[in-house]
Every structure is written in C-alpha cells, then in structure tokens.
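Atoms within a ligand are numbered from 1 in the order they appear, just like the ligands themselves. For reference, positions follow the sequence shown, starting with 1.
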Amino acid sequence: MIIILIGAPGSGKGTQSAVLCRRFGFTHLSTGDILRAEIAGKTAIGLKAAEYVNNGKLVPDHIVTEMVAMKLEDPKGGRYLFDGFPRNLEQAQTLSGALAKQSASIDLVLFLELSHDEAMRRLTSRRLCGACGEVFNVMTRPSKKEGACDKCGGALVQREDDSEATARKRLMVYEDLTRPLVSFYKAEQVLHEVDAGRAPEAVTENLAEIIQPLLAARQ
Ligand code: AMP
C-alpha cells in the first residue's frame, strides 16, 4: 500500500506523517529527513545534496529516485507513507513506472492545502531539537524551557532552509514544480484534499477518516 502526502513546505506533512505512521503502522519515507541525515553524516549523497537543500532548491531527480528505490523493499505487501516525494512530475512518472513494473500502484494521495502566508508563518517560527529531531514552534508549540528540547534537553535550532529568504524560495519551487502534481493525481482519481490550516489534531482526524476505509477494504 502506498500513500502520498503532498503539500507546501510548512503544511504539516512531517507532523501528520509521524502520527499516522504510529497509528496505522505505515513505514515513513521522508526524502527530506533522509537527505538531512545524509548531509549530517557527510556521505557522498549528502555532500552532493547539501547545496540544493540549504538553498531551497530541489535535489536532482536521479539522486532522490535512487534513494527512494533503495528504501522501497516491498511496495505491494508493505504499507508506505511518502512524505515529500514525489516533488515534481518527473519523479511522479518515475514512481508510477517503477510501481507498475511490480504490479503495484498508488492507493491515495492526500493533499494538505495551506495558504502561503500561513506556511511562511509556520516555517519561520519552526525550531527543532539538534539532538533528537523533535519539532517545536515558537508561536504554536513552544518548548517549556526556551531553547531546550522538552524530550531530551538538547538545544533547539532553526533549520537552515527555514530562514525567511529560503522559505520563500521553497514556496516558489513548490508552486512551480510540486503543485502541478495535484492535477496529475486528480486525473488519476486518487487525490483527496484536506484543509491543513486547522489544528494538527483536526487535520489528523480528517486524514484518518480517509485512510480507514482503504485499510478496512484491504483486510
Ligand atoms: P522537506 O523536509 O520535505 O521540506 O525537504 C527539505 C528539502 O529537501 C527540500 O527543500 C529539497 O531541497 C530536498 N528534497 C526533499 N524531498 C525532495 C524530493 N523529492 N526531490 C528533490 N528534493 C527534495
């Protein structure tokens, strides 16, 4: 089973993925998380990707699609939640082709709709723990002690690409390259649109309502 989350940077894909994976036992496949880990580990992929990620640009398709192929062991039997992939039409077509070869297909595409103004507000106020990765927000989810993680006490940092200038660039890249996927998946009749401007719990319940019938039909 393959479910894809699409949405602007800041629309809550990472937050919602974490909750849905816990609740439904999906394997979380976040290309952003994988790339950040590669960059932190200074691997060959990380060294190539850093310049793109830190400047708000998309990493070249061949790097990302290869990375995904390595993680996708059992597209038919497994339950995968893709977060941040595909990010453009080329990636979407590559994914569909690769799945078709294994007689698998995309079951659901969940589109988290959010205004760019709200996305900017969320991105520039986001902080994360440098040690464990827990996500906070100085406006909506501040840590109990300023600058320190509630979970492990690690120092909170701002993602380099969450600076105002880079966040703006990422939203432009999203509009130009990723947003066209909405029409692409609408035409494939797998797209569901969800209002991501609400509280995270309300968005989760909405997403769960869409996912549950699919899981029930598979049992
Ligand atoms: P995210 O955490 O999903 O916001 O991704 C952070 C950054 O990682 C993006 O701004 C891109 O530079 C890179 N990235 C993540 N996913 C992809 C992808 N599917 N294709 C190309 N670049 C990606």
Side-chain angles (χ1 to χ4, degrees), residues 2-21 27-72 80-99 106 109-112 114 116 118-130 133-137 157-182 184-185 196:
I2 308 253
I3 298 180
I4 294 173
L5 274 185
I6 293 186
S11 60
K13 299 187 300 294
T15 304
Q16 296 300 333
S17 300
V19 180
L20 294 172
C21 287
T27 301
H28 185 198
L29 220 159
S30 157
T31 42
D33 284 352
I34 300 169
L35 286 166
R36 277 184 290 279
E38 299 278 352
I39 292 169
K42 296 192 167 59
T43 64
I45 289 180
L47 292 175
K48 279 188 222 152
E51 172 203 340
Y52 297 93
V53 173
N54 293 336
N55 286 301
K57 296 185 197 152
L58 291 191
V59 173
D61 292 340
H62 68 276
I63 297 180
V64 176
T65 47
E66 230 166 82
M67 237 168 52
V68 171
M70 270 158 42
K71 304 266 175 192
L72 196 64
Y80 292 93
L81 184 67
F82 283 19
D83 153 10
F85 180 88
R87 205 72 155 222
N88 60 24
L89 282 171
E90 289 71 24
Q91 292 180 12
Q93 277 152 354
T94 305
L95 177 64
S96 296
L99 292 177
I106 293 157
V109 177
L110 301 165
F111 169 41
L112 298 179
L114 188 70
H116 282 203
E118 179 59 18
M120 273 305 287
R121 257 194 299 278
R122 290 185 185 181
L123 289 170
T124 52
S125 57
R126 177 161 68 181
R127 300 290 181 272
L128 62 147
C129 174
E134 185 73 6
V135 179
F136 297 87
N137 187 296
V157 293
Q158 184 174 35
R159 259 171 60 173
E160 197 168 330
D161 60 345
D162 279 347
S163 70
E164 182 152 355
T166 310
R168 215 171 277 290
K169 207 190 283 172
R170 287 162 66 206
L171 284 169
M172 280 168 60
V173 168
Y174 164 77
E175 205 54 45
D176 283 352
L177 301 176
T178 309
R179 176 105 196 178
L181 293 180
V182 171
F184 178 83
Y185 286 122

task = Output all residues satisfying side chain to side chain donor-acceptor pair (under 3.5 Å) with E164, sequence neighbours left out; order by chain, then residue number.
result = R168
message = Once side chain to side chain donor-acceptor pair (under 3.5 Å) is applied, do any residues pair with E134, and if so which ones, sequence neighbours excluded?
response = R141, K151
request  = Given salt bridge (charged side-chain N to carboxylate O under 4.0 Å, His left out), test D162 with R127 step by step and report yes or no.
outcome  = CA-CA 9 Å; D162 279 347; R127 300 290 181 272; over 6 Å; no
Side-chain donor-acceptor pair present, T166, D161, cut-off under 3.5 Å = no
task = Measure the shortest side-chain to side-chain distance between V68 and T94 over non-hydrogen atoms and say whether it is less than 4.5 angstrom.
result = no
note = Close residues (non-hydrogen atom under 4.0 angstrom from ligand 1) work out to T31, G32, L35, R36, V53, K57, L58, V59, V64, G84, F85, R87, Q91, R159, D161, R170
N/O donor to acceptor pairs below 3.5 angstrom from side-chain atoms of residues 32-40, sequence neighbours left out:
{"residue": "D33", "atom": "OD1", "partner": "R36", "partner atom": "NH2", "Å": "2.9"}
{"residue": "E38", "atom": "OE1", "partner": "T43", "partner atom": "OG1", "Å": "2.5"}

